[in-house]
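Here the structure is laid out as structure tokens; the discussion comes afterwards.
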Amino acid sequence: MSLLSGLRRELNRFVTVTEDRGSMVAAKVYRTAGDEFLLVAGKTFAEDLTPDDISRHQRALRKRGLEDRTIANRHRSVLAFLQIGRAHV
């Protein structure tokens, strides 16, 4: 099994910390939003992220037909992950 690197590893840590504090629903939300974001962004390391990655993620969610409120919630979840992981975009 290969070692996870960069953003994927940080997302796993973020979700684990959330689970450790007993917030299982929040952990699931963070996992979903984070996985979607990392797939769309296609970046491995935080320093490679740009504001365009955030915009592309939001457009991808909209293209899937998600409601405005869902997109806003996913956006907040991604920002929480990036801020906690010190991957400020």
Mind listing the closest non-hydrogen atom pair of Ala26 and Thr18 along with its distance?
CB-CG2, 3.9 Å
Does atom CZ of Arg69 have more than 12 heavy-atom neighbours from other groups under 6.0 Å away?
no
If you define the side chain from C-beta out and look only at heavy atoms, does anything of Asp53 sit under 4.5 Å from Thr50?
yes
Side chain to side chain donor-acceptor pair (under 3.5 Å) partners for Asp35, two or more places apart:
Arg8
Treating Ile, Leu, Val, Met, Phe, Trp and Tyr as nodes and any side-chain heavy-atom pair under 4.5 angstrom as an edge, say whether Leu66 and Val78 lie in one connected cluster.
no
Roughly how far apart are His57 NE2 and Leu39 CG, rounded to 0.5 Å?
9.0 Å
Hydrophobic clusters here meaning ILVMFWY residues chained together by side-chain heavy-atom distances under 4.5 Å, can you tell me if Val15 and Val40 are in one?
no
Any chance the side chains of Arg9 and Asn12 put a donor and an acceptor closer than 3.5 Å?
no
Would you sort out whether Val29 and Asn73 count as a side chain to side chain contact (heavy atoms under 4.5 Å, CB included), showing the intermediate values?
CA-CA 9 Å; Val29 169; Asn73 289 341; over 6 Å; no
Using the rule that two of Ile, Leu, Val, Met, Phe, Trp, Tyr join whenever any of their side-chain heavy atoms come within less than 4.5 Å, decide whether Leu7 and Ile54 are in one cluster.
yes
Could you walk me through whether Arg74 and Thr32 satisfy the side chain to side chain contact (heavy atoms under 4.5 Å, CB included) test, starting with their C-alpha distance in whole Å, then the side-chain angles of each, then the deciding distance to 0.1 Å, before giving a yes or no?
CA-CA 8 Å; Arg74 301 265 171 98; Thr32 298; 4.1 Å; yes
By the definition ring pair (Phe, Tyr, Trp, His ring centres under 6.0 Å), identify the one residue from Phe81, Phe14, Phe37 that meets it with Tyr30.
Phe14
Minimal non-hydrogen separation, Arg56 against Ala41, with atom names:
NH2-O, 3.2 Å
Can you give me the closest heavy-atom contact between Gln58 and His75, atom names plus distance?
NE2-ND1, 2.8 Å
